[in-house]
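The sequence lines fix the lettering, A, B, ..., with proteins before strands; numbering per chain opens at 1.
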Amino acid sequence: MRILLEALDDDLEAAMSALGVDAALWRKVIGPARERAEGDVALPCFPFAKAVGQSPADIASALAERLGDHPALLEARASNGYLNLVANPAWLLEHVLAPPPRNDADGPLRLIEHTSANPNGPFHVGRARNAILGDTLVRLHRLAGHRVRSEYYVDDMGKQVGVLAWALKHLDEGRVNALLAEREAPDPTWETKADHARVRWYQAAQLLRQEAPEEEQALIEAEIADLVHASEHGDASVLASFEAAYGPVLDGMLETLSRLGITFDAFTKESTFVVDGSVAALMDELEALDIHGVADNGARFLDLGQRGLKGKTDFFYRRADGSSLYATRDLAYHRWKWTQADQLIDVLGEDHRLQAQQVGLTLAELGVEAPEVVFYSFIKLPEGKMSTRRGNVVFMDDLLEEATAQAADLVRGLRPDYDEAEVKAIAEAVAISAVRFNIVRVSPEKGFTFTWEDALSLDGGSAPFAMYAHTRACAIARRLEAAGWAGAEQVVLPRSPAPGLVEILRLLAVHHDVLMQAVEQHRPHLFALHLLDLATAYNAFYRDCPVLDGGVVHDTHAAVSERARQVLHDGLVGVGIVPLEHM
RNA sequence: GGGCGUGUAGCACAGCUGGAUAAUGCACCGGCCUCCUAAGCCGGGGAUCGCGGGUUCGAAUCCUGCCACGUCCGCCA
């Protein structure tokens with residue numbers, strides 16, 4: 001509880017220095033009480049017992065006595081060698097009702113790159129984790145008042161797009177259907193969505209590359225290789241044909257993301273850095289490094305083993321024919337990103353860990369700071385890893401359809417008086433909120449197995465629980481408005497405040513701390529889980545503290561409810577939940 | 001074989017920059033709608049924190065060995 005620690009800082013400093021305890025030491029160990037029943041802030045006194053020459057219990061008692069009458073504290077108590085500080089709810093009430101200042105308009109610009117999926121097919125749930133995680137990070141930074149730019153790095157060259165472009169040029173629908181005859185039939189729901197339609201061309205081409213007669217295979221490979229080669233040398237007409245191939249696919253993918261509330265501020269094409277010559281310039285610089293090496297065939301690499309990389313240490317950045325590799329372009333991209341922003345954050349799948357390390361080390365070699373990277377583990381299916389190529393996938397579009405249908409059934413059962421349009425609107429909001437929340441609530445590095453049941457879960461610890469608490473606050477807000485309430489004239493804590501009131505005050509007091517921690521450590525799940533706690537606390541407040549009693553407005557309760565409503569609203573938006581006003 | 005990540009109740013998950021009785025949800029058992037939306041609230045049972053050693057006043061947390069799972073180890077993207 002930052003605000004409490006700040007209020008107590010002078011007194012603590014005086015008390016600790018009187019004991020002869022170094023400021024750095026006590027500041028390091030003081031923090032939120034692990035045992036919430038013991039208080040808001042705890043100071044374990046064990047670390048300095050020896051230096052002070054007293055038992056931890058004695059130190060704690062001495063401190064408790066000294067701090068006991070501070071206005072911000074309800075109680076300072078020594079217990080088991082800890083000094084436990086309980087915030088005074090009346091003091092909290094004063095500090096929690098005003099929103100904290102958010103004035104970072106001149107602060108550093110943070111560029112968050114996320115998603116950046118190859119535009120060759122629809123999102124499956126595994127790929128979407130990147131987008132959901134990245135977008136939540138963007139939203140939380142905005143909530144914290146930071147300047148943010150979200151960016152999608154478009155892989156518009158190289159083999160994958162090359163294969164797609166080749167397929168669209170050389171195959172027709174009949175051929176594609178014949179090739180994919182053994183596969184599951186395409187879902188007519190998505191017939192007109194280009195990401196679903198064109199991925200079949202891509203799949204058909206991949207099949208041909210593996211199973212066509214040898215001569216045909218060789219021909220296809222040669223044609224694709226020509227395309228790829230041309231794209232890697234910045235050939236404008238080939239790049240234009242690539243764009244014509246992947247553009248509609250990307251649009252389809254973005255349509256899916258937009259349904260999830262995910263949008264981008266900028267799209268940067270990989271080919272940009274080939275065309276403008278920065279990749280070539282970069283390769284020249286790399287060649288001048290003393291860890292630079294040349295393979296037998298003339299390809300170039302850096303020996304990153306000399307910079308502490310373990311395992312495979314050769315990092316290739318240039319082919320024998322002089323063309324660049326994906327990682328090389330990524331280096332140029334990152335260098336450019338530093339000209340755009342003051343902080344770089346990348347969201348990457350765990351399969352990119354080595355690559356990210358190589359890029360980081362190489363950037364350091366060039367005197368450029370490495371980006372901060374948030375890694376996430378893959379979402380598997382019970383049958384194994386998701387793969388578009390093998391047809392072992394759950395498409396995000398399908399998940400959203402199913403989630404919406406199930407949510408609609410739930411709403412119809414719970415609210416028989418709502419009309420169908422209302423049901424649909426609520427179901428859509430609940431569905432996308434739940435799908436997002438079920439992914440952001442777990443720490444990114446935790447791998448998990450997709451199950452329909454979990455992904456569609458609408459109970460206890462999921463989005464609707466938090467949405468519902470907000471809905472209750474909105475219902476009260478409507479009643480307050482109807483009663484003509486125009487803000488509290490006098491806010492005072494009742495003589496013996498209900499547990500629910502104290503609890504919501506504590507949560508509100510800690511809200512900003514959690515947000516900052518989530519943002520600074522790139523761990524959105526901390527904030528997501530905190531939001532559930534906040535909702536729980538609001539429910540307790542709702543239970544204990546009538547805001548309108550027989551038409552009479554309780555000023556203090558009304559003020560707290562309204563503040564909680566705002567915080568819940570902003571928090572829900574921050575994790576990508578749609579803050580419905582009624583549901 | 002090597003690098004990195006993960007392993008916590010039946011299931012899922014938090015805590016991991018060392019601190020008190022390991023938090024929460026689902027599932028299970030019991031209770032609450034003359035009262036601001038019961039998608040809610042209250043109560044109950046359930047954990048050798050993967051296994052073994054070590055460091056420490058104190059270890060789920062740090063170190064070390066082992067085991068299981070994931071991931072990477074293209075001059076692919």
With a cut-off of less than 4.0 Å, is there a side-chain N or O of [X] near OP1 or OP2 of [N]?
| X | N | result |
| --- | --- | --- |
| A:Arg543 | B:A38 | no |
| A:His525 | B:G15 | yes |
| A:Lys446 | B:G7 | yes |
| A:Lys312 | B:C75 | yes |
| A:Arg353 | B:G3 | no |
| A:Arg523 | B:G15 | yes |
| A:Asn539 | B:C41 | yes |
| A:Arg472 | B:A38 | yes |

Consecutive-pair stems (3 or more, Watson-Crick or G-U, under 3.5 Å) for RNA chain B: B:1-7 with B:67-73, B:10-12 with B:24-26, B:28-32 with B:40-44, B:50-54 with B:62-66
Of B:C41, B:C75, B:A77, the nucleotide closest to the side chain of A:Asp155 is B:A77
In terms of side-chain heavy atoms of A:Val547, which of B:C36, B:U6, B:A39 is nearest? B:C36
Syn or anti for B:G74 (syn when the glycosidic angle lies within 90° of 0): syn
Where does B:C16 land, syn or anti, once you apply the within-90°-of-0 test for syn? anti
Determine the interatomic distance between P on B:A38 and the same-named atom on B:U48; round to the nearest Å. 38 Å
When we call it a touch if two heavy atoms are under 4.0 Å apart, what does [X] touch: a base, just sugar-phosphate, or nothing?
| X | answer |
| --- | --- |
| A:Met467 | nothing |
| A:Cys45 | nothing |
| A:Asn297 | base |
| A:Pro47 | base |
| A:Tyr317 | nothing |
| A:Ile476 | base |

[X] [atom1] - [N] [atom2] separation (whole Å):
| X | N | atom1 | atom2 | result |
| --- | --- | --- | --- | --- |
| A:Arg441 | B:U24 | CZ | P | 14 Å |
| A:His522 | B:U17 | NE2 | P | 16 Å |
| A:Leu302 | B:C75 | CG | C1' | 13 Å |
| A:Phe301 | B:C73 | CZ | C1' | 16 Å |
| A:Glu445 | B:C69 | CD | P | 21 Å |
| A:Lys28 | B:U17 | NZ | P | 10 Å |
| A:Phe378 | B:C69 | CZ | P | 19 Å |
| A:Arg318 | B:C76 | CZ | C1' | 19 Å |

Does the protein touch nucleotides 61-67 of chain B at the base, only the backbone, or not at all? Give it as B, S and - per nucleotide, heavy atoms under 4.0 Å. -------
Can you tell me how the ring of A:Tyr418 sits relative to the ring of A:His582, calling it parallel under 30°, perpendicular over 60° and tilted otherwise? perpendicular
Is the ring pair A:Tyr153/A:Tyr333 parallel, tilted or perpendicular, if the boundaries are 30 and 60 degrees? parallel
hbond_proxy [X] side chain to [N] base (donor-acceptor, 3.5 Å cutoff):
| X | N | result |
| --- | --- | --- |
| A:Gln355 | B:A77 | yes |
| A:Asn84 | B:A20 | yes |
| A:Arg415 | B:A39 | yes |

Under the ring-ring contact (aromatic ring centres under 6.0 Å, His included) test, which residues partner [X], sequence neighbours left out?
| X | answer |
| --- | --- |
| A:His292 | none |
| A:Tyr376 | none |
| A:Phe46 | A:Tyr82 |

Hey, would you say the A:Phe301 and A:Phe315 ring centroids sit under 6.0 Å apart? no
Taking the six-membered ring for Trp and the full ring for Phe, Tyr or His, determine whether the centres of A:Phe527 and A:His511 are under 6.0 Å apart. yes
Taking salt bridge (charged side-chain N to carboxylate O under 4.0 Å, His left out) as the test, write out the residues that go with A:Arg318, two or more places apart. A:Glu287
